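These notes concern the structure reproduced below.
Fair warning: this is a prediction, and the values are worked out from it, not measured in the lab. Every chain is numbered from 1, with letters handed out A, B, ... down the list of sequences.
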Protein chains: 2
Amino acid sequence: MKEGPDIAQIGALIGDPARANMLAALTGGRALTATELAGVGGITVQTASTHLAKLEAGGLLAQRKQGRHRYFTLADEAVARLIESMMGFAAGRGHLRHQPGPKEPALRKARICYDHLAGDYGVRMLDSLIASGSIDAVGDGLALTEKGEGDLKRIGIDVGDLRSSRRPLCRSCLDWSERRAHLAGSLGKALLSSFLDKGWARRTAESRSILFSPEGDRQFLRLFPVEG
Amino acid sequence: MKEGPDIAQIGALIGDPARANMLAALTGGRALTATELAGVGGITVQTASTHLAKLEAGGLLAQRKQGRHRYFTLADEAVARLIESMMGFAAGRGHLRHQPGPKEPALRKARICYDHLAGDYGVRMLDSLIASGSIDAVGDGLALTEKGEGDLKRIGIDVGDLRSSRRPLCRSCLDWSERRAHLAGSLGKALLSSFLDKGWARRTAESRSILFSPEGDRQFLRLFPVEG
DNA sequence: TTCATACTTCGATCGTAACCGAAGCATCGC
DNA sequence: GCGATGCTTCGGTTACGATCGAAGTATGAA
């Protein structure tokens with residue numbers, strides 16, 4: 001007994017519904033204010049304030065003062081991965097929300113996961129990159145091929161720049177809605193950024209979902225075909 | 001708000017200290033009875049019984065009746081990976097137990113993680129397998145090479161048998177004490193089993209730690225050398 | 001300065017869940 | 001059959017933490 005690190009503390013931090021909702025919202029990658037997070041959690045600002053203080057003390061959140069606002073973000077990508085992996089686990093065990101709600105389909109189609117694309121489109125993109133030989137899937141992991149580097153160059157992504165960062169280029173991230181992997185890492189981020197820059201898609205204000213324009217949809221599906 | 005799967009439920013399940021202790025103990029891979037788990041959690045059997053019922057309802061545990069005993073185990077390897085990943089996360093944020101205790105060093109040297117070897121020795125073994133060219137590390141993932149298959153055959157592990165199971169052969173599992181990867185998957189299990197079969201090491205009764213005999217220690221270090 | 005906004009701290013309430021004693025089943029050994 | 005062991009269910013207590021109203025602090029706008 002009493003072996004190893006204390007998982008009960010972080011379990012308890014995530015275990016409160018209001019806090020879990022705030023964390024899930026912050027997995028969208030945006031910095032949110034205390035008031036916004038109170039709305040997300042369905043509680044008053046006073047209560048939210050105490051929750052946020054606890055989450056920060058636990059090392060899950062970081063805050064940045066800006067004028068009279070306080071912007072909260074996840075402390076780092078590790079927190080995002082933990083949340084997303086718990087979502088994947090929860091989805092697999094049938095721990096779903098009570099009402100599917102109208103936003104669910106959009107969320108399953110395409111959403112943001114920290115800073116990269118997730119959902120049906122995220123999984124499709126990785127599948128297509130593997131099928132075309134741009135990415136090698138070896139065991140659990142992913143590796144960019146030379147062909148892939150050329151293909152990406154052609155759509156305006158310079159892999160050389162990305163390699164210089166300390167962050168891994170390719171990472172697989174388990175998708176909770178599809179239960180299959182999508183592409184994370186700096187390359188995943190760069191790809192999503194380029195879609196947004198090109199105007200193919202845009203982020204929504206209150207949700208994690210990503211909305212593709214009709215034209216963007218067409219371009220995306222052309223660029224990442226899947227057989228069948 | 002109210003997007004995606006409900007992580008609060010599993011967070012809350014893990015968030016209770018008694019339950020967390022039980023789960024951590026079960027990460028040792030052994031099936032434990034309700035009474036044993038009550039001891040681990042530091043609570044009475046009545047209380048433990050309600051906790052175990054909740055964990056089972058939540059899909060984290062499975063139970064098997066055997067005579068008048070009830071043996072509890074983690075529901076599957078996904079639960080073990082979740083627990084271990086939370087431990088890694090917790091260790092990184094300094095959520096450590098209060099007293100390091102005398103057993104900690106043994107635990108850091110070698111311990112069981114579900115069914116494979118973890119700790120310093122687990123990390124060392126994977127490092128050595130990669131350095132010798134038996135395993136390729138590509139991105140996040142691991143793949144056995146032809147050379148590796150031959151080397152393993154020589155120490156009595158038939159990879160062909162392992163491939164027939166549905167479980168992945170190589171998986172990397174993040175080690176909470178070393179903060180680096182060790183080898184999981186069916187190959188990880190087979191390697192640990194062979195060490196135990198050969199008498200190089202044995203499991204302890206109450207702890208997750210694995211004790212190597214002097215001779216086993218020598219053999220292990222010879223088989224998995226590291227430079228430096 | 002004065003007022004408004006964003007947020008935190010204080011104080012008190014309230015609900016839930018952890019907890020254990022006692023009683024109730026089930027299984028084993030005799 | 002009997003008692004002993006392992007575990008669950010019931011009932012009642014207790015404690016912790018989530019919650020919010022009200023007051024307090026900081027920043028910005030007028």
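The interatomic distance linking Arg64(B) (CZ) with dG6(D) (P) rounds to 17 Å, in whole Å. Atom CG of Leu37(B) and atom P of dT8(D) are 10 Å apart (whole Å). Rounded to whole Å, atom C1' of dA6(C) lies 12 Å from atom CD of Gln63(A). Summarising the geometry, the separation between CG on Leu61(A) and C1' on dC7(C) is reported as 16 Å, rounded to the nearest angstrom. Leu55(A) places its CG atom 16 Å from the C1' atom of dT8(C), with the value rounded to the nearest Å. In this structure, Glu56(B) places its CD atom 11 Å from P of dT9(D), rounding to the nearest Å. Atom pair His69(A):NE2 and dA4(C):P shows a separation of 17 Å (rounding to whole Å applied). The separation between Leu52(B) atom CG and dT9(D) atom C1' is 15 Å, rounded to whole Å.
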Throw together a table of side-chain donor-acceptor distances under 3.5 angstrom for residues 43-58 of chain B, partners on residues two or more places apart or in other chains.
from, atom 1, to, atom 2, distance (Å)
Thr44(B), OG1, Gln46(B), OE1, 3.2
Thr44(B), OG1, Thr47(B), OG1, 3.1
Thr50(B), OG1, Thr47(B), O, 2.7
His51(B), ND1, Arg19(B), NH1, 3.0
Glu56(B), OE1, Gln63(B), NE2, 2.8

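Of the residues near DNA chain D, Arg19(A) and Ala48(B), the one whose nearest nucleotide (by heavy atom distance) lies more toward the 5' end is Ala48(B).
Looking at every heavy atom in both residues, Cys113(A) comes nearest to Ala118(A) through CB-CB, 3.8 Å.
Residue pairs meeting the side-chain hydrogen bond (donor to acceptor under 3.5 Å, both in side chains) criterion with at least one partner in residues 185-199 of chain B, sequence neighbours excluded, do not occur; the list is empty. Among residue pairs with one or both ends in residues 64-76 of chain B, those qualifying as salt bridge (charged side-chain N to carboxylate O under 4.0 Å, His left out) are Arg93(A)-Asp76(B); sequence neighbours excluded.
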- Starting at the 5' end of nucleotides 19-30 of chain C, put B wherever the base has a protein heavy atom under 4.0 Å, S where only the sugar-phosphate does, and a dash everywhere else. SBBB----BB--
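Qualifying salt bridge (charged side-chain N to carboxylate O under 4.0 Å, His left out) partners for Arg218(B), counting only residues two or more places apart in sequence or in other chains: Glu215(B). Listed by chain and residue number, nothing satisfies the salt bridge (charged side-chain N to carboxylate O under 4.0 Å, His left out) test with Asp16(A) (two or more places apart in sequence, or in another chain).
The side chain of Lys54(A) places no N or O atom within less than 4.0 Å of a non-bridging phosphate oxygen (OP1 or OP2) of dG17(D).
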